[in-house]
Enquirer: 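Have a look at this one before I ask anything.
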Amino acid sequence: VSASYHKGKLQMQLPEHVEGPAHLNLFDTMGRLVFTEKMFVGPQGLIETWPGPLPQAVYFVQVKTDYGIFIGKVVSQ
């Protein structure tokens, strides 16, 4: 699963067959929840959201869907 973060925008590419409701959680490396949102997975498994400016660090993205739980890593620079 690929994830990217740039200027406050988070994008995550899930497998193309994944669609429907999802719950996204963004954690810092200490396991603290820094952002959460209920959303829908768009066409082709694409998720886009705006957690806003994040301090420079590594973050882990968790997306829970009816198709399973997907994990990605993003770096805020």
Side-chain angles (χ1 to χ4, degrees):
V1 175
S2 65
S4 65
Y5 173 82
H6 184 69
K7 295 187 178 181
K9 181 180 181 181
L10 176 66
Q11 291 183 308
M12 191 166 183
Q13 182 64 56
L14 303 179
E16 290 186 9
H17 69 276
V18 176
E19 60 183 26
H23 189 140
L24 181 144
N25 293 311
L26 185 65
F27 299 95
D28 66 13
T29 56
M30 299 298 291
R32 293 178 292 222
L33 182 65
V34 295
F35 178 79
T36 187
E37 183 175 1
K38 289 185 179 180
M39 58 180 37
F40 283 88
V41 179
Q44 311 299 320
L46 183 64
I47 289 178
E48 292 184 336
T49 189
W50 296 86
L54 296 171
Q56 190 173 8
V58 174
Y59 296 89
F60 296 96
V61 185
Q62 176 191 67
V63 179
K64 295 179 182 179
T65 73
D66 291 341
Y67 296 85
I69 298 173
F70 302 91
I71 306 292
K73 180 174 80 172
V74 294
V75 178
S76 174
Q77 299 179 352

Enquirer: Through direct or indirect side-chain contacts below 4.5 angstrom among Ile, Leu, Val, Met, Phe, Trp and Tyr, which residues connect to M30?
Expert: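 When side chains under 4.5 Å apart are linked, M30 ends up in no cluster with other residues.
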Enquirer: What heavy-atom pair brings Q62 and F27 nearest, and what distance separates the two atoms?
Expert: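 Residues Q62 and F27, closest heavy atoms: OE1-CE1, 3.9 Å.
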Enquirer: Heavy atoms only: give me the nearest G52-Y5 pair and the separation to one decimal.
Expert: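 Residues G52 and Y5, closest heavy atoms: O-OH, 2.5 Å.
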Enquirer: Nearest 0.5 angstrom please: N25 CG to E37 CD, how far?
Expert: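 The CG atom of N25 sits 10.5 Å away from the CD atom of E37.
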Enquirer: Which residue, I69, I47, I71, forms the side chain to side chain contact (heavy atoms under 4.5 Å, CB included) with V63?
Expert: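 It is I47; the other options fail the test.
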Enquirer: Closest heavy-atom contact between G8 and P51?
Expert: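 That would be O-CD, 3.2 Å.
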Enquirer: To the nearest 0.5 angstrom, please state how far the CE atom of M12 sits from the CD atom of E48.
Expert: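 It is 13.5 Å, given to the nearest 0.5 Å.
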Enquirer: Distance from E19 atom CD to L46 atom CG, nearest 0.5 Å?
Expert: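 Spacing of CD (E19) from CG (L46) equals 13.5 Å.
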Enquirer: If you look at every heavy atom in V74 and S4, which pair is closest and at what distance?
Expert: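 Scanning both residues, the minimum pair turns out to be CG1-N, 3.7 Å.
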Enquirer: Considering all heavy atoms of both residues, which atom of F40 and which atom of P21 are nearest to each other, and what is their separation?
Expert: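 Answer, listing the atom of F40 first, then P21: CD2-N, 3.5 Å.
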Enquirer: Do V61 and L24 come within less than 4.5 Å of each other through their side chains, counting heavy atoms only?
Expert: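 V61 vs L24: side chains touch.
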Enquirer: Taking atom CD of E16 and atom CD of Q44, what is their separation to the nearest 0.5 Å?
Expert: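 The distance works out to 5.0 Å.
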Enquirer: Which heavy atom of V18 sits nearest a heavy atom of V41, and at what distance?
Expert: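 Heavy-atom minimum between the residues: O-CG1, 3.4 Å.
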Enquirer: In Å, rounded to the nearest 0.5 Å, how long is the span from CZ of F70 to CD of Q13?
Expert: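 Reported to 0.5 Å precision, the distance equals 11.0 Å.
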Enquirer: How long is the gap from CE on M39 to OG1 on T65, to the nearest 0.5 Å?
Expert: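 Spacing of CE (M39) from OG1 (T65) equals 12.5 Å.
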Enquirer: Could you tell me if the side chain of L10 sits less than 4.5 Å from the side chain of F35, heavy atoms only?
Expert: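 They are not in side-chain contact.
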Enquirer: Is F60 reachable from L26 through a run of hydrophobic residues whose side-chain heavy atoms are each under 4.5 Å from the next?
Expert: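 Different hydrophobic clusters.
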Enquirer: Checking H17 now: which residues fulfil ring-ring contact (aromatic ring centres under 6.0 Å, His included) with it, not counting sequence neighbours?
Expert: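 ring-ring contact (aromatic ring centres under 6.0 Å, His included) list for H17, sorted by chain: Y67.
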